[in-house]
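Take a look at the structure set out below.
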Amino acid sequence: SDSSVYTSSSPTSGKGGDGGAISLFTNSGSIFLTNSQFYGWTSPYFTADGGVGSAISIVTHSGNVNLIDSQLNSAAIGLDFFDDVFVGTAGTGGPILISARGGAIAGRGSTLNSFAVSTEGGSENGGTVILEANSGISGLTINTVASGGQSGAVQVHGFGNLLIDSTNIKTAQVVEVCIFPPCAPGDFTLVPVEGQAGDVTVDGIGNLTFSNSVIQSDTRGSNPAGNITITSPSIINFINSQLTSDTSGIGNAGDVSITA
């Protein structure tokens with residue numbers, strides 16, 4: 001708890017390296033993170049092209065993952081160091097995995113971000129975010145963003161009767177990005193999003209229940225919105241929840257598919 005982990009790659013020319021991996025693993029216990037921040041990024045300066053943001057993984061085979069007021073950030077950012085202006089092509093956002101196949105992912109006020117962003121618009125794709133749980137996923141906000149490429153996909157896999165509660169999943173939303181962590185209010189930079197929205201997939205081997213949750217995979221430009229696919233061999237319940245794959249630009253809206 002109350003921990004911060006940072007890893008970065010910041011080349012000045014050529015092809016940028018990748019951010020270092022950040023990993024927590026236990027075979028049978030639970031993992032608790034409170035007021036913690038993991039930030040792995042590749043941020044090239046001058047004429048360099050970006051690499052891949054850090055791979056972040058938190059895995060327990062039979063316990064729970066508890067995230068309280070914490071952030072996991074994997075970012076590929078193009079930045080002019082002297083003028084604080086994004087330039088060139090940002091790299092690829094890193095993948096984020098949280099796995100509790102024998103338990104639950106319990107969050108409160110916690111955010112998972114995978115970014116590939118540049119205010120000049122050029123970027124590779126955002127990273128994939130994968131959540132795996134047996135009984136529940138709660139209290140999380142998940143953002144995947146690419147200012148030029150495709151925002152990362154979000155995949156949620158249920159290994160029992162899964163309740164998704166008070167959780168927001170957003171791809172291709174306009175976001176504020178922390179460039180040099182730790183960031184206080186007012187230290188964030190607004191990033192435009194012109195890339196393609198990422199797809200969202202939720203599947204399980206048992207019932208799926210969505211409660212007070214939102215999945216948004218929208219588009220504001222010429223690229224299409226992402227598709228939302230929800231699949232279960234049993235029952236799918238929606239309680240005060242919302243699925244949207246809309247367009248407010250010239251791009252096509254995405255498909256929403258629910259199969260039970």
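To the nearest 0.5 Å, atom CG of residue Leu140 and atom CG of residue Asp165 are 10.5 Å apart. To the nearest 0.5 angstrom, Ser211 atom OG is 10.0 Å from Asn237 atom CG. Distance CG/Leu162 to NE2/His157: 11.5 Å, rounded to 0.5 Å. For the atom pair CG (Asn168) and OG1 (Thr141), the distance works out to 4.5 Å, reported to the nearest 0.5 Å. In this structure, CG in Leu97 is found 6.0 Å from CD1 in Ile130, a value given to the nearest 0.5 Å. The CD1 atom of Ile137 sits 7.5 Å away from atom CD1 of Ile169, with the distance rounded to the nearest 0.5 Å.
Transitive grouping of hydrophobic side chains (ILVMFWY, heavy atoms separated by less than 4.5 Å) keeps Ile239 and Ile258 in distinct clusters. Connection of Ile230 to Phe159 is not established within any shared hydrophobic cluster, with ILVMFWY side chains joined at heavy-atom distances below 4.5 Å, either directly or through further cluster members. Note on Ile236 and Val256: same hydrophobic cluster, where clusters join Ile, Leu, Val, Met, Phe, Trp and Tyr whose side-chain heavy atoms are under 4.5 Å apart, directly or indirectly. Phe25 and Phe38 fall into different hydrophobic clusters, where Ile, Leu, Val, Met, Phe, Trp and Tyr side chains are chained together by heavy-atom contacts under 4.5 Å.
Contacts of Phe210 classified as ring-ring contact (aromatic ring centres under 6.0 Å, His included), with partners at least two apart in sequence or in another chain: Phe238.
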- prompt: Please walk me through it: do Ser57 and Ser23 pass side-chain hydrogen bond (donor to acceptor under 3.5 Å, both in side chains)?
  reply: CA-CA 5 Å; Ser57 62; Ser23 179; 3.1 Å; yes
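Between Ile68 and Asn35 there is no side-chain heavy-atom pair separated by less than 4.5 Å. Contact annotation: the side chain of Ile98 approaches that of Leu67 to within less than 4.5 Å [non-hydrogen atoms, C-beta and beyond]. Looking at Leu33 and Ile58, their side chains come closer than 4.5 Å, going by heavy atoms from C-beta outward. No side-chain heavy atom of Val154 sits less than 4.5 Å from a side-chain heavy atom of Ile215. Taking the side chain as every heavy atom from C-beta outward, Asn227 and Ser257 never approach each other to under 4.5 Å. Side-chain atoms of Ile164 and Leu131, non-hydrogen and from C-beta on, never get closer than 4.5 Å to each other. In this structure, the side chains of Asp199 and Thr229 stay at 4.5 Å or more apart for every pair of heavy atoms.
Listed for the Ser99 side chain is no donor-acceptor partner under 3.5 Å among the backbone atoms of Val59. One N or O on the side chain of Asn64 and one on the backbone of Ala104 form a donor-acceptor pair closer than 3.5 Å. The closest donor-acceptor contact from the side chain of Thr60 to the backbone of Gly29 lies under 3.5 Å. Proximity of a side-chain donor or acceptor of Ser213 to a complementary backbone N or O of Ser166 within less than 3.5 Å is detected. For the pair Asn207 (side chain) and Ile235 (backbone), a donor-acceptor distance under 3.5 Å is present.
The heavy-atom pair separating Asn212 from Ser241 by the smallest distance is N-OG, 3.1 Å. Shortest non-hydrogen contact noted between Gly198 and Ser217 is O-OG, 2.5 Å. Closest approach of Gln216 to Thr244, counting heavy atoms only: CG-OG1, 3.3 Å. When every heavy atom of Leu72 is checked against every heavy atom of Ile96, the shortest pair comes out as O-CD1, 3.9 Å. Closest heavy-atom contact between Ser110 and Asp69: OG-N, 3.2 Å. Smallest separation of non-hydrogen atoms from Asn113 and Gln71: ND2-OE1, 4.4 Å.
Note on residues 150-161: no pairs pass salt bridge (Lys or Arg N to Asp or Glu O under 4.0 Å), not counting sequence neighbours.
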